[in-house]
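Some notes on the structure that comes next.
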Protein chains: 2
Amino acid sequence: MEDVARLAGVSKMTVSNVVNNRAGVSEPVRRRVLEAIRRSGYRVNVSARTLKSGRTGVIGLAVPDVEAAYFGHLASHVIAEARRRGFHVAIEESGANAGGEADAVTRSRTLQFDGLILSAVALDRLEEPADAHYPLVMLGEQDFGGRFDHVAMPNEEGTHAATAHLADQGCRRIAIVTGGSLEGVNMVSRRYRGYRAALAERGLDAGPPLLFVLDDMSMEAGRAAAHRLADSGLGVDGVVAVTDTVALGLLRGLADRGLRVPGDVRVAGFDDVPPAAYAVPSLTTVAPDHRWMAAKAVELVVRRIAAPLRPTGRYVAPFQLVVRESSAAG
Amino acid sequence: MEDVARLAGVSKMTVSNVVNNRAGVSEPVRRRVLEAIRRSGYRVNVSARTLKSGRTGVIGLAVPDVEAAYFGHLASHVIAEARRRGFHVAIEESGANAGGEADAVTRSRTLQFDGLILSAVALDRLEEPADAHYPLVMLGEQDFGGRFDHVAMPNEEGTHAATAHLADQGCRRIAIVTGGSLEGVNMVSRRYRGYRAALAERGLDAGPPLLFVLDDMSMEAGRAAAHRLADSGLGVDGVVAVTDTVALGLLRGLADRGLRVPGDVRVAGFDDVPPAAYAVPSLTTVAPDHRWMAAKAVELVVRRIAAPLRPTGRYVAPFQLVVRESSAAG
DNA sequence: TTGTAGGCGTTATCAA
DNA sequence: TTGATAACGCCTACAA
């Protein structure tokens with residue numbers, strides 16, 4: 001900066017004013033400075049600016065697993081929306097466990113992200129006594145008792161719609177394939193509740209034999225569940241999967257056992273990840289409005305960065321049930 | 001930091017020494033300082049440290065599209081390897097075009113990433129006169145004339161192996177579905193060359209009618225290509241797809257037209273993304289060693305950060321041809 | 001309209 | 001083994 005100032009024959013302060021487009025710099029001086037910047041290849045030092053201002057202009061996005069299709073999808077929307085608002089996004093991987101998610105918060109502050117969007121799957125009790133007002137927006141399904149801004153998925157509503165749809169297509173023995181804990185309030189328990197409610201309304205069986213619980217929510221686990229389901233002799237004719245990833249594994253596992261979809265079994269997923277539309281058969285699924293969620297989450301962090309003490313809010317994403325081949329009638 | 005120093009009754013410098021695990025601090029003092037840190041909730045200010053040291057400890061990873069399965073896959077390996085070496089990874093989206101990729105480099109320097117791994121698909125002539133020694137590692141397929149460290153895919157070798165395999169399975173009319181420019185040296189032209197070579201060795205047809213060029217390399221484009229291919233009357237019995245994403249779209253498009261895979265047409269892809277194993281039918285594909293590539297790329301940036309002037313190198317990833325249902329014999 | 005002084009939090013250097 | 005000082009590059013506040 002000093003070099004530029006010398007080259008242009010002005011002070012550092014004038015250079016700063018030009019760089020930041022501040023008023024009060026005469027046109028000829030401004031031009032001299034810009035020329036000097038160009039010639040010297042000067043570039044502002046973000047660290048110095050950050051040190052002074054206390055802001056980095058970076059929003060963190062912590063997701064359980066960057067590899068999962070769903071998160072790539074989400075990330076691209078968050079990046080776009082943040083850019084629109086003049087922020088930059090840094091993606092963090094938290095691992096799908098409470099420790100990793102708590103670490104992500106700590107790391108986010110250490111790295112001085114101005115705020116963090118945390119797609120939490122495991123963290124239900126987050127303790128942050130030291131600095132309770134770090135701008136933190138929860139994205140996901142758990143219950144945080146109103147302590148954080150929270151963009152939620154339409155978990156119950158979505159699964160309810162998917163289950164009801166399968167029933168409407170003629171399914172009578174509808175299983176659910178899910179993972180994680182059915183205790184407490186989280187994605188899994190909420191989706192399970194939507195499934196139960198839809199079956200109850202129609203007087204259809206629900207009970208444990210139709211409940212398949214996975215160790216994790218991977219494609220491989222979905223595939224294994226399909227094998228168990230096919231071998232169970234339960235006469236299952238419909239399956240609600242807790243996520244599309246699991247559903248895609250299911251489709252594969254049912255194919256392994258020679259079961260036709262939708263001929264023998266109808267399947268519905270949740271998320272509408274891109275591969276869902278291209279699977280063979282294409283996958284019926286609950287499609288939350290990801291763009292809406294991303295935009296909302298970014299809006300909330302940005303607002304909270306500006307006003308750390310404003311009251312928190314909870315917002316549920318709108319969704320559509322996208323009906324495709326995997327649940328076709330007849 | 002001053003607070004901590006006061007609390008522990010030492011100087012800021014001693015606090016710094018304790019925080020950084022430097023030798024030359026007596027045990028009792030160290031303990032006092034750690035206790036003071038704990039009580040005060042002190043956290044180092046990364047910006048200040050960066051300002052002083054000129055290093056952020058962050059490596060950028062610029063990918064064309066965070067949404068593509070392949071890049072999520074890659075990113076998770078890069079993150080793991082970087083963490084092992086004490087670096088943090090920031091993921092950037094460049095858009096699959098030369099402008100976006102050049103911007104990614106500029107942004108990387110503005111944001112003061114210590115180095116950048118650039119998965120370039122469009123950038124063939126990168127000009128950076130101002131600061132030619134920014135640690136930059138190219139990941140991908142283009143030819144950079146030895147100006148950068150470069151981790152390349154086994155493009156020709158891989159496609160050659162896939163094409164030869166289809167021929168060995170009995171295919172006689174093998175098409176290729178690809179995208180982008182066949183001019184110059186890039187991923188697409190390299191893969192095309194591997195395909196031509198394998199066909200030539202076996203005296204099989206190649207020529208333009210069997211070449212399907214896409215506008216982009218999306219699933220949707222792959223699907224559309226399958227429709228064109230099915231409607232072409234060319235009697236195609238094998239297809240080499242330039243990527244798995246395209247191949248998965250192809251499988252979908254062939255299903256749309258009632259063509260059975262592998263019964264009527266055999267298909268091979270490139271990348272071995274996770275969904276490839278779970279597709280119906282599961283996809284035969286060229287599987288470059290992604291972990292190896294990620295590790296190599298990180299190793300190269302880290303080395304170049306330490307020694308900006310060392311000579312550049314080019315490294316080609318090892319690969320395996322993973323044979324699955326989509327190319328089964330008979 | 002432009003310039004000067006001081007400080008953001010850290011660490012390298014050198015002195016005690 | 002510990003501490004004082006200066007400097008990293010920028011920006012706020014104030015003075016000219």
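Basis for what follows: all heavy atoms, side chains included, without hydrogens, waters or symmetry-related copies. Convention: sequence-line order gives letters A, B, ...; per-chain numbering from 1.
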**OP:** Could you walk me through whether B:Glu35 and B:Arg32 pass salt bridge (charged side-chain N to carboxylate O under 4.0 Å, His left out), step by step?
**Re:** CA-CA 5 Å; B:Glu35 173 61 15; B:Arg32 273 211 325 274; over 6 Å; no
Original post:
Between B:Leu300, B:Leu118, B:Leu74, which is the residue that forms a side chain to side chain contact (heavy atoms under 4.5 Å, CB included) with B:Leu139?
Top reply: B:Leu74
**OP:** Quickly work out the B:Ile37 CD1 to C:dT10 P distance and round it to whole Å.
**Re:** 10 Å
**OP:** Taking all non-hydrogen atoms of both residues into account, name the closest pair between A:Phe113 and A:Gly60 and its distance.
**Re:** CD1-CA, 3.5 Å
Subject >> Exam field: side chain A:Asn186 to backbone A:Val188, donor-acceptor pair closer than 3.5 Å >> reply: yes
Subject >> A:Glu299 vs A:Arg85, side chain to side chain contact (heavy atoms under 4.5 Å, CB included): CA-CA, chis, key distance, verdict >> reply: CA-CA 9 Å; A:Glu299 177 199 326; A:Arg85 293 170 178 270; 3.6 Å; yes
Original post:
Is the CZ atom of B:Arg55 crowded by more than 12 outside heavy atoms at less than 6.0 Å?
Top reply: no
Original post:
Given atom CZ of B:Arg6 and atom P of C:dG9, what is their separation to the nearest angstrom?
Top reply: 13 Å
Original post:
Given C:dT2, is OP1 or OP2 found less than 4.0 Å from the side-chain N or O atoms of A:Ser26?
Top reply: yes
**OP:** Return the angle between end axes of the helix from C:dT1-D:dA16 to C:dA16-D:dT1, with five pairs used per end and rounding to 10°.
**Re:** 40°
Original post:
Does the gap between the ring centers of B:His77 and B:His290 come in under 6.0 Å?
Top reply: no
Subject >> Under 4.0 Å protein heavy-atom contacts per nucleotide of nucleotides 6-16 of chain D, with B for base, S for backbone only and - for none >> reply: -BBBBBBB---
Subject >> Side-chain H-bond candidate by donor/acceptor type, A:Arg304 with A:Thr312, under 3.5 Å >> reply: no
